[in-house]
Amino acid sequence: MSRLASGGLIDRARRIPFAFDGRRLTAHPGDTLASALMANGVRLIGRSFKYHRPRGLIAAGSEEPNALVTVGAGAEATPNTRATGIEPYPGLAVFSQNRWPSLGFDLMAINDRLAPLLGAGFYYKTFMWPARSWERVYEPLIRRAAGLGALSGARDPGHDEKAFAFADVLVIGAGPAGLMAALTAGRAGARVLLADEDFRMGGRLNVERLEIDGAPAVAWAAAAVAELAALPNVRLMPRTTVTGVYDGHTYGALERVGRHLADPPEGLPRDAFWRIVAPRAILAAGAIERPIAFPDNDRPGVMLAGAVRAYVNRWAASPGATAVFTNNDDGWRTATDLAAAGVPVTALIDARPGVAPPDGPWRTFTGAVVTGTRGIRALRAVTVRDAHGERSVAAECLAVSGGWNPTLHLSCHLGARPVWDAAIAAFTPAPDAAPGLSAVGAARGAFSTRAALAQGAAAAAEALAALGIAAADQAVPYAEDAATTITPLWRVARTTGRAWLDFQNDVTTKDVALAAQENFRSVEHMKRYTTLGMATDQGKTGGVAGLAVLAELTGRSVAETGVTTFRPPFTPVPIAALGAGGAGRGFAPHRDTPTQAPIAARRAPLVEAGLWRRPSYFPAHGETTWREACDREVAMVRGAVGVCDVSTLGKIDVQGEGAATFLDHVYANTMSTLPVGRVRYGLMLREDGFVMDDGTVARVGPTQFFITTTTAAAGQVMAHLDFAAQCLWPGLDVAFVSQTDHWAQIAVAGPKARDLLAPLVATPIDDAALAYMGCAAADIAGVPGRIYRISFSGERAYEVAVPARWGAGLFDLLVERARPLGGGPYGMEALNVLRIEKGLLTHAELHGRTTADDLGLGRMVASAKDCIGKTASRRPGLSGPERQQLVGLRARDASGRLAGGAHILEPGAKAAAANDQGYLTSVCWSPTLGRDIALAFLRDGRARTGETLRAVCRLRGLDTAVDVVAPPFLDPDGGRLRG
Amino acid sequence: MDELVARPAWAGLDLPLSLGGVTLSILPDGPLASLAPLRGQERAVADALGAALPGPGRMVALPGGGRLIWNGLGRYLLAGAAPDARLAGRAALVDQSDGWTGLALTGAGAAVVLARLVPLDLAPVAFPAGGVARSLLGHVDCLLIAGTAGFEILVARSFTRTAVHDIETAMRAVAARRALPQGPVGAGP
């Protein structure tokens, strides 16, 4: 429990002050938080999830289940971070979790006394009644008592990034197998990406006392990393966990970019989430040691044997007097390594009878097991049972090895199941488990250093051959090649007391036994009943042991019992990293209209229209509500002239000999008969016969058309046209392209619209030259453009188009010249009122469930030609009185309020679904009519003009008498339109 | 007659911008048109342009100046040159001079910056100079052209501010990595 006097890959000359629960401690460069805590004698690091048992370190890598801490405080805090993956920096402050009031004295530890009550299934069985109490009472209480660290609830001030990377060969893990694979592929010139969780590459070579080619393995690893770093075709990604395997040779990876820095440069992301595409990948992720279940095996100080020697060898952090408990030869290494480093080893306990462990300054027990431990917040002694009975052995640390599980998780992400290998008592990756991915070394169940090096080289050579890259044979360095000898031991039999399998979720052998007893015998059922393997560590240490215990209890083999499904991510990925850049404005791109600047200068509030931001209204002096501005703007357009940017409409140029025929196919009405210089309203149907979109079609030349779509459907219509041209009528000579962004288009509407425009347009625009629904090329304020006489307001109106760069200037000019005429700009609110008064449609009505007949446009589906959706639109049930048809509704009283989404009921009918007659889609206060009006869909609506019904909105508490009218509400014969 | 004042898409943006050895700038305005050969006119169009039509992902320099850039199935962008009169009736020509904004991202780390936004392999072996791709820049459709000193990025005019903001954010992140004491490991080739 202290720093050893020498050794370790740490820089003892430099000291890093940090704090754990406010206690000031010191680390050295090269430490992890875990190693620093051990070197500072801190053994109690957290409280367990359910029973609030004192817990300390178990492992040294990302599999660590116990030592979860919160890094930082306040909005910056990151909870549930593994101490084994945190690099101390000056000023680092970490806090223990799931304890109150303090880590040493945790009142919730009462749960441990209640353990007989709190077994698997306890919540399901207990908190059943009354049902409504689950969400309101039980769940909040349980969540408060059980759990991990908590988010602050404050807005996250940090930022992350997402990025893409590409390689010929992705090597996952930089231990002996990974380094050898990367060297082999890198030397051959392949583009290699080597990712490793650790900040120092080398894997087990950095933590074992091994030699490669007669030199220390640490030095070999350092030389390999240096050689790789110097190769221009190799990218090293330390601090990077490959978290998932996806289709198309794509891998997800989380890189910790700035988390280890006291003072990161401005703009540095905290994490980066990478999507890596590599046709070949080599899984060299090593193996994870597994514990053995025996009573009270969760005391702080009971650790994995490989981790204990890692702390001693790599970080010179002593765990104190140590006993070793193993069922395989590899566990012996911990005893010999610790003794060599001067750490007292009190006993070497091997579960196997008749083996001959190495001699050393310790008591050796064979055919012996640990049956219990003593010590509350730190281990003091263990009880050993052999043929001669039980005795107590003093130990501050018990190093346990139950064997090693290949880290094969990634190989299963595309659905493969691992294969049981009895020789090593572990699951190994199935061959060809994921396309292009091969496992090597310990990840494949080959645990010797020599085998790791050889398999790494071989897999890389195979990958190079597959990629067609020539490579020279690589000599495999000489290293230890010990066979794996193990006798499985999952739990110590004939004991009493709780024996932990899943430390993070507090699952014991008794819970698994209860699951089996209650017939949750499938491994997936057992997992969900006990929660084994469902914590943030996903059962990395305890999973296989848990299912092996289930196998024993149900009389099946481990292979028969099988594993639960491994899914991404391998280790937790912060949502902040997956959604990097997506907060606030980053959620979706913004599109600016050409008039964005002049609209901003007029302080118009903006409203979202798809990705666009459009002006809601233009506030005038003295106005306090949007309604005042909207009413004024409507009156202005009806009485004088208004100016409105409509550039957001989708605009598509269509050309070619087949253009007219093509438009006849895609529009319900006929376009081929449209004369040059004329505009026609067009309706597009989907293949299923429902209305897709509407817009205008202008014939600008014999074989050239210019069509507009609604703002909302511009992209959908373009995709639809591409499909129709490429797949349905590939023989037609037609070319079309979006011109949405090229044109600024500005509507000028009102009885004085011509007076405003005429002086600015070089060609005549009187009614003889440019009648309603006419169009022409024209010089507009000196700029070549186009003018269309179309109206979305019911007034005499024009839309003038100029290339986008001129849009802002033209808008300013029109607004300025409108003032003396009593006009000005108008926004979306007024535009909406104007079109509702005129009964014109938007996607509130074209919402995907309405047909042409519903909209009163059935006759637009031309009978003399075919079009997309025509046949389907004739299906029974898509037209007729049984459907809800477009109508206008007027509030009967001027004080009656209407609301969008309100439903239509007969007078006196109960507000129930069975009585529903229809619904309101567009609602406004009509300043022209002096009351609320609406567009609505009403069952058999066209036949019901003159009826009085009710518009009921229970959300807003409205029940308003309405008269059914035929739209439009205003100027039904279009006199204002034509002038 | 009042004289209209042109307002370019990049008005109000602080460009060019240099960070960490990478520079983002606006490409000079020039004529830009969509060009789609009409049925059976591909050869005639090529003759009029004086160059073979480029295949997918490619572009060609035109003898009279300007470039023809592949832009999808049967679609091209004619950049930097006014359409030749001989194209009339042979190709659908549509003015796009105000429809697109051209950005240039240059410097040794340009590909590293774009790796934050573009889901394509931009290494020279996969996307050599002269290569053209339709892709995504963050959430925004773009046309990407590989040059010798960096990339040209064309986005629809209305997306200019978003594109510049996203590129600038990526440039800051990459510049910050370069400022790390141990060098830009992880942001490499």
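Within every chain, numbering begins at 1; the chains are lettered A, B, ... in the order of the sequence lines, protein sequences first and strands thereafter.
The minimum heavy-atom distance between B/R39 and A/P730, with the atom names listed, is NH2-O, 2.9 Å. A/P265 and B/A176 make their closest contact through CG-O, 3.5 Å (heavy atoms, listed as atom of the first residue, atom of the second, distance). Residues B/H139 and A/G586 share a closest heavy-atom pair of NE2-O, 3.4 Å. Between B/D29 and A/R805, the shortest heavy-atom contact is OD2-NH1, 3.9 Å. Across every non-hydrogen atom of B/P119 and A/F166, the tightest pair is O-CZ, 3.6 Å. Of all heavy-atom pairs spanning B/A173 and A/E161, the tightest one is CB-OE1, 3.4 Å.
There is no contact between B/A9 and chain A, counting heavy-atom distances below 4.5 Å. Contact of A/P264 with chain B is not made at all, since no heavy-atom distance falls under 4.5 Å. Neither the backbone nor the side chain of A/E657 comes within contact range of chain B; no heavy atoms are under 4.5 Å apart. Interface residue A/W612: only side-chain heavy atoms are found under 4.5 Å from chain B. Neither the backbone nor the side chain of A/F706 comes within contact range of chain B; no heavy atom of the residue lies under 4.5 Å from a heavy atom of that chain. Of the atoms belonging to B/T169, not a single heavy atom falls under 4.5 Å from chain A. Heavy atoms closer than 4.5 Å to chain B are found in the backbone of A/S738, but not in its side chain. Proximity to chain A is absent for every atom of B/L114, based on heavy atoms less than 4.5 angstrom apart. The contact between A/Q739 and chain B is made by backbone and side chain atoms together, counting heavy-atom distances below 4.5 Å. Only the side chain of A/R585 comes within less than 4.5 Å of a heavy atom of chain B; its backbone N, CA, C and O stay farther away. In this structure, no portion of A/L193 lies under 4.5 Å from any heavy atom of chain B. Contacts of B/V118 with chain A are made by backbone atoms alone, with heavy-atom separations under 4.5 Å and no side-chain atom involved.
Proximity of B/H165 to A/H590: side-chain heavy atoms (C-beta onward) are nowhere separated by under 4.5 Å. In this structure, B/R177 and A/L268 have side chains that are in contact, with non-hydrogen atoms separated by less than 4.5 Å. Looking at heavy atoms from C-beta onward, A/L813 lies in side-chain contact with B/L4 at the 4.5 angstrom threshold.
Looking at A/D722 and B/R75, a side-chain N of the basic residue comes within less than 4.0 Å of a carboxylate O on the acidic one, giving a salt bridge. Between A/R191 and B/D121 a salt bridge is recorded (basic side-chain N to carboxylate O distance below 4.0 Å).
Among the candidates A/A195, A/A804, A/A744, the residue making the largest number of heavy-atom pairs closer than 4.5 Å to chain B is A/A804. Put simply, of A/H159, A/Q704, A/K162, the one with the most heavy-atom pairs under 4.5 Å next to chain B is A/K162. When B/L19, B/V5, B/L93, B/V94 are compared by the number of non-hydrogen pairs under 4.5 Å with chain A, B/V94 comes out ahead. Interface summary for chain B: among A/T703, A/D812, A/L732, A/V783, the most heavy-atom pairs under 4.5 angstrom belong to A/L732. Interface summary for chain B: among A/V802, A/D653, A/T740, A/V734, the most heavy-atom pairs under 4.5 angstrom belong to A/D653. In terms of non-hydrogen atom pairs under 4.5 Å with chain A, the most contact-rich of B/A92, B/P8, B/A175 is B/A92.
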Pair A/H742-B/R157, side-chain contact (heavy atoms from CB on, under 4.5 Å): steps then yes or no: CA-CA 8 Å; A/H742 176 74; B/R157 184 188 211 270; over 6 Å; no

Derivation of the side-chain contact (heavy atoms from CB on, under 4.5 Å) call for B/D98 and A/W743: CA-CA 7 Å; B/D98 286 38; A/W743 291 108; over 6 Å; no

side-chain contact (heavy atoms from CB on, under 4.5 Å) between A/V737 and B/Q96, worked out: CA-CA 10 Å; A/V737 67; B/Q96 300 282 10; 3.7 Å; yes

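Distance alone, capped at 3.5 Å, places no donor-acceptor pair between the A/D733 side chain and the B/L38 backbone.
Summarising the local packing, CZ of B/R58 is surrounded by more than 12 heavy atoms from other residues, nucleotides or ligands at distances under 6.0 Å.
To the nearest 0.5 Å, atoms CG (A/L611) and OG1 (B/T162) are separated by 8.5 Å.
A donor-acceptor contact closer than 3.5 angstrom links the side chains of B/S158 and A/D741.
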